[in-house]
Amino acid sequence: MSKRNWLMKSEPHEFSIDALAKVGKEPWSGVRNYQARNFMRDDMQPGDGVLFYHSNCAEPGVVGVAEIAGLARSDPTQFDPRSDYHDPGSKPDQPRWLLVDVGFKRKLKRTITLAELKAAPELADFALVQRGNRLSVLPVSPAQWKFILGLEKR
DNA sequence: GCCAACGTTGGC
DNA sequence: GCCAACGTTGGC
């Protein structure tokens with residue numbers, strides 16, 4: 001399978017780009033949306049590029065570049081009754097939820113804000129800027145990837 | 001299978 | 001904190 005690119009959202013007060021820089025690699029636990037899970041399970045490959053996005057904060061936007069560091073595997077938090085992500089309906093021999101490991105590549109020189117992304121005609125088809133989109137994991141085309149990172153130098 | 005109620009996401 | 005938009009749940 002050829003290399004693809006993704007955007008993954010994280011709330012910076014939960015897990016920021018600086019936190020990823022510090023640990024180097026993070027198991028992306030807690031995804032509880034089937035569409036996002038299917039992207040991880042069916043389409044993600046080690047080495048795929050990731051735009052790291054800060055959501056639910058003062059300045060939402062792309063703040064870093066990361067990469068997929070492993071194939072999808074069972075998310076252990078679904079079996080932990082003390083976890084916010086516990087899912088009593090999921091069976092260990094047939095886990096409902098998966099995670100991938102995400103590796104730090106670099107922090108951007110500046111935040112590429114959601115406002116900028118929304119203002120760019122080049123990104124009209126980008127899922128992130130479309131109305132009502134709440135997916136926390138979404139695909140980025142090669143053209144979108146190049147355009148978004150091109151904004152960093154402006 | 002329909003759909004109202006409810007919970008969550010996430011920008012503002 | 002507000003609320004629009006969306007996904008999920010569960011009664012029927």
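Note: hydrogens, waters and symmetry copies are ignored here, and every other heavy atom, side chains too, is used. These figures come from a predicted structure and were not determined experimentally. Proteins come first, then strands; the chains are lettered A, B, ... in the order of their sequence lines, and each starts at number 1.
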Discussion item. Nearest whole Å is fine: how far is dG7(B) C1' from Y85(A) OH?
Written reply: 15 Å
Worksheet item: What integer distance in Å separates L7(A):CG from dT9(B):P?
Response: 16 Å
Worksheet entry | N or O in side chain of K9(A) less than 4.0 angstrom from dT9(B) OP1/OP2 | no
Worksheet item: Do NZ/NE/NH1/NH2 and the carboxylate oxygens of D75(A) and R37(A) come within less than 4.0 Å?
Response: no
Worksheet entry | Toward the 5' end of DNA chain C, by each residue's nearest nucleotide, R134(A) or R96(A) | R134(A)
Worksheet item: Taking atom P of dT9(B) as reference, at what distance in whole Å does atom CG of N33(A) sit?
Response: 10 Å
Worksheet, complete the sentence: Taken to the nearest whole Å, CG/L135(A) to P/dG11(B) is 13 Å
Fill in: Interatomic distance, N133(A) CG vs dT9(B) P [rounded to whole Å]
14 Å
Worksheet item: Quick one: is R131(A) getting a side-chain N or O under 4.0 Å of the dA4(C) phosphate, OP1 or OP2?
Response: no
Worksheet item: So does Y53(A) get a side-chain nitrogen or oxygen closer than 4.0 Å to the phosphate oxygens (OP1/OP2) of dG11(B)?
Response: yes
Worksheet, complete the sentence: Judged by nearest nucleotide, the residue sitting upstream toward the 5' end of DNA chain C, N56(A) or G132(A), is N56(A)
Worksheet item: Can you find a pair of side-chain heavy atoms, one from Q78(A) and one from R32(A), that are under 4.5 Å apart?
Response: yes
Worksheet entry | Carboxylate-amine/guanidinium proximity below 4.0 Å for E67(A) and K25(A) | no
Worksheet item: Between dG7(C) atom C1' and R32(A) atom CZ, what is the distance in whole Å?
Response: 15 Å
Practice prompt. Check the distance between dA5(C)'s P and L128(A)'s CG and give it to me in whole angstrom.
Written response: 17 Å
Fill in: Between P of dT8(B) and OH of Y34(A), the distance in whole Å
15 Å
Discussion item. For the residue pair R82(A) / T77(A), report whether a side-chain donor-acceptor contact shorter than 3.5 Å exists.
Written reply: no
